[in-house]
Amino acid sequence: MSSVNGGTLRRNAVLFVAVSVLLGTLTGCWLADIPAAEPPMAATISPTATSANTTLTESPTLSTPAPTLTPESTRPASQPDPTARPTTTGAIYGDEGGVFWADLNTGDMAPLIAGAAGASWALQAQELAMVHGRFVERVDLDSGQSALFEVPTEGLMDAQVFWEADGHRLLYVGWVEPDPASDEPELRLVFCELSSEGAGTPVAYAGMPAMLLGYDAAGERLLLWAPAEAETLQLLGVDLSTGEAQQLATLEGLGELALGPHGALAWLATAETGYQLLAVQGDGAPTAHALPEGAYASNLVWSQDGKALAFFLHQGALYDPEATNLGLYTIDLASGEIKGPLGEAAPYARIAAWTPDGQGLILHQRDAETERYDLVTLDGAHSPVSIKGSATLMGWASRPELPNDAPTLDPWQRRFISAAGDADATAAAAASFVAAHLDMPLAERALRLEAYYAAAAWPQDERELRQVDTEVFVLQTPPNSIVVTSLAGSQVVGQGSTLGEVRVDGDRLAVVYGGIFGEQQQWTVALLRQNEGGWETRWQPLGRSDWITTGGAVTFEGKGIDTLQVTGTSLGQPSDAFFECAACPLREFSATWQLQGDAYERVPALPADAPLANVHWEMTVHSPYALVYEAVRRVRAGEATDDVATLLASEQLAAMELQGESIRLVVSSVSPEMVIFGPADAPTLWQATIAAGRVAQVTAR
């Protein structure tokens, strides 16, 4: 059996705002709790606050063999069968600091995973699955080995996982953002199976708005529920292969629907004298259990054997914030006997779980100032347990035989896995790791980073880590971030796949980097200044039409960072008359950029309002092709050609009648003395002779 956590479930607010008071909280043995950001009133049970009232009630059956891991597990073949281990059963719990095992009788504790637990999870015997956004991590708690799955779905609001019946596969269920253009609030379930082969094809549920109840292992289907007409609930079963839903039953009830072992259900309904609990197991008819007059139940939690329910009783109007919490109660479903109250409950108390032996309950006590966990026995005795109040109980398991060097105990690996798929979070983790290990050789840090990237499912690639000063580093992080880091802090300066020259000069740093854009290498530079909070980007050549690096380079001249030499080609730039392509002759640009304050400026430079063609000519290397190109351009534009062509050549070009905008010339060949060109249908029609740095003459061939 398994237990799972449903996350904060923001989707419920979208679906059921209008009926939040009526429906109550989704509970059941498939859902565990995450504390809400703001504690709800104990008597206010609303779908918009599901996380405050969801419960974890179904624990692993420890007497049965643990399921066989899929091939991604690295459990050693020689390890004893889990059924042969000492059966010391303890609690698995997690928080932002990690996941732990604790013996609630002795207080003995063992760390299992360093770093934050997932947003939701599913525990089955000695295996834990945790959700990190679009990624699901599967951990063998006995070895600390894990596998990471990426779910090919965008726009997820929330997600959770379930162990399927065979114990080998996981079912990922995600809620996709509703269409913002739609007037009707609706959510779409997207689910897929995760196995040793990876994530299956996502299947979408687009039926009526409904809340997730759990996974029916016997029927291999998702169970959803939704309000129907007055005081009725619809139970839906979703086919995992098609996403189609079938109505399984219409239940007379108000809410508090809870899924128990082997498909058992319990829910709250009205009775002649007030309220009652209805429970059904297997194919039998529902059994009604009357509650004390005027009292209603909330936070229904099934025992592991399916023979009892635990709940809170409230006296007063249904879900009235002023209703009195009468405390914790249990009911024996065979006899109908109700026992309680089992001591008092704090204002925001929740039932976290039954104990594995069924002789007690773990209660999460919470008020406005404090929170803690208590063990409550069936005779009403309360005692604190060794789980800190801010943690979340995830389930029960035998004490894992975790080796000291288990990868899950590496807090850095956990941080990278928690950041899976998030470029900014990955960059922050990598920068922190580099700055925190100054005594570690640079090559070793680079290797460790690559291992962490791989653990977080980033594709393998060549990534550089470069030290530019005692405590200053520049690194590439996946998928293509360029990051500057030091003890003072870090800064993502841009996106690039190639790291060029990097120089530091006092409190300023210049980073040259580039990438392939439009199938061509492009370069840029980031100028940063260090301050108390880290590094701040002060200048980049964004939007500068005179910064041209296509197929070129950016290099420093001399020492320091004061002068840059920037080269590139005309590929992709505006072109008059001549057709320019990757295989064609191209104009070459070269410019010097000088640091002025906290910015680079090109020198010499035309006025800011100068025509772009003139700016380009100022930067152009005067090659034979460039001279012919510029002479043709100026003749077409009616501009002076004295510095690029002789009077004869200018007159010859004018006589060719090249002024038509549709005319595009191509070049057949270029040599130091001659350029052969013509229209596309006659590319060798003319030849231009080059002499003394100008076009001397242009004649037909």
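Fair warning: this is a prediction, and the values are worked out from it, not measured in the lab.
Side-chain contact between Asp374 and Ile362 is absent, with no heavy atoms from C-beta onward closer than 4.5 Å. A 4.5 Å side-chain heavy-atom check between Phe135 and Met130 finds every atom pair outside the cut-off. Here the side chains of Glu229 and Thr250 are not in contact, with every heavy-atom distance at 4.5 Å or above. In this structure, the side chains of Leu240 and Tyr215 come closer than 4.5 Å at one or more pairs of heavy atoms. Leu265 places a side-chain heavy atom less than 4.5 Å from the side chain of Leu213. Taking 4.5 Å as the limit, some side-chain heavy atom of Leu375 sits within range of a side-chain heavy atom of Ser383. Inter-residue side-chain proximity for Cys192 and Val203 is flagged as unmet; no heavy-atom pair is nearer than 4.5 Å. Considering only heavy atoms from C-beta on, Glu193 comes within 4.5 Å of Glu164 through its side chain.
Note that OG of Ser298 and CG of Asn325 are 7.0 Å apart. Values are rounded to the nearest 0.5 Å. Thr330 contributes atom OG1, which lies 14.5 Å from atom NZ of Lys307 (distance to the nearest 0.5 angstrom). To the nearest 0.5 Å, atom CG of residue Leu300 and atom CG of residue Leu259 are 12.0 Å apart. The distance from atom CG of Leu257 to atom CD of Gln234, rounded to the nearest 0.5 Å, is 12.5 Å. The distance from the CG atom of Leu291 to the CD atom of Gln276 is 8.0 Å, given to the nearest 0.5 Å. The CG atom of Leu104 sits 12.5 Å away from atom CE of Met109, with the distance rounded to the nearest 0.5 Å.
A donor-acceptor contact shorter than 3.5 Å is absent between the side chain of Thr408 and the backbone of Ile113. Side-chain N or O atoms of Ser146 include none that pairs as donor or acceptor with a backbone N or O of Arg138 at under 3.5 Å. A side-chain donor-acceptor contact under 3.5 Å links Glu256 to the backbone of Asn299. The closest donor-acceptor contact from the side chain of Asp379 to the backbone of Ala381 lies under 3.5 Å.
For Thr270 and Glu231, the side-chain atoms include at least one donor-acceptor pair closer than 3.5 Å. A donor-acceptor contact closer than 3.5 angstrom is absent between the side chains of Asp108 and Thr106. Between Gln365 and Tyr373, the side chains place no donor N or O within less than 3.5 Å of an acceptor N or O (distance only, hydrogens not considered). For the residue pair His314 and Thr324, no side-chain donor N or O sits within less than 3.5 Å of a side-chain acceptor on the partner. Side-chain atoms of Glu293 and Thr273 include no donor-acceptor pair closer than 3.5 Å.
For Ala345 against Phe312, the heavy-atom pair with the smallest separation is CB-CE2, 3.8 Å. Shown here for Trp354 and Ala308, the closest heavy-atom pair between the two residues is CH2-CB, 3.9 Å. Nearest heavy-atom pair, Leu378 versus Gly358, reported as atom, atom and distance to 0.1 Å: CD1-O, 3.7 Å. Minimum heavy-atom separation, Asp95 to Ala391: CB-CA, 4.0 Å. The two atoms that bring Tyr205 and Ala245 nearest to each other are CE1-CB, 3.6 Å, heavy atoms only. Heavy atoms only, all atoms of each residue included: Ala397 and Gln126 are closest at CB-OE1, 3.4 Å.
Ring centers of Tyr319 and Tyr296: under 6.0 Å apart, within the cut-off.
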For this session: Evaluate side chain to side chain contact (heavy atoms under 4.5 Å, CB included) for Leu342 paired with Tyr329, printing each intermediate quantity in order.
Result: CA-CA 6 Å; Leu342 305 180; Tyr329 287 73; over 6 Å; no
Problem set entry | Derivation and outcome, side chain to side chain contact (heavy atoms under 4.5 Å, CB included), residues Asp305 and Trp302 | CA-CA 8 Å; Asp305 59 11; Trp302 284 89; over 6 Å; no
For this session: Please report the C-alpha distance between Arg414 and Glu137 in whole Å, then the side-chain angles of each, then the deciding distance to 0.1 Å, and finally whether the salt bridge (Lys or Arg N to Asp or Glu O under 4.0 Å) criterion is met.
Result: CA-CA 10 Å; Arg414 305 310 310 158; Glu137 183 185 14; 2.5 Å; yes
For this session: Starting from the C-alpha separation in whole Å, work towards a yes-or-no answer on side chain to side chain contact (heavy atoms under 4.5 Å, CB included) for Leu409 and Leu402.
Result: CA-CA 9 Å; Leu409 293 178; Leu402 198 63; 4.0 Å; yes
For this session: Evaluate the criterion side chain to side chain contact (heavy atoms under 4.5 Å, CB included) for residue pair Leu254 and Tyr275; output intermediate values, then yes/no.
Result: CA-CA 10 Å; Leu254 300 173; Tyr275 301 99; 3.7 Å; yes
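Shown are Leu277, Thr287, Leu309; of these, the side chain to side chain contact (heavy atoms under 4.5 Å, CB included) with Leu333 is made only by Leu309. Residue Tyr93 is tested with Trp121, Trp101, Phe100 for a ring-ring contact (aromatic ring centres under 6.0 Å, His included); the sole match is Phe100.
Within 6.0 Å of CD on Gln247 lie more than 12 heavy atoms contributed by other residues, nucleotides or ligands.
Remark: Arg399 does not engage Asp103 in a salt bridge, criterion side-chain N to carboxylate O under 4.0 Å. Of the charged side-chain nitrogens involved, none lies within less than 4.0 Å of a carboxylate oxygen, so that Glu371 and Arg350 do not count as a salt-bridged pair.
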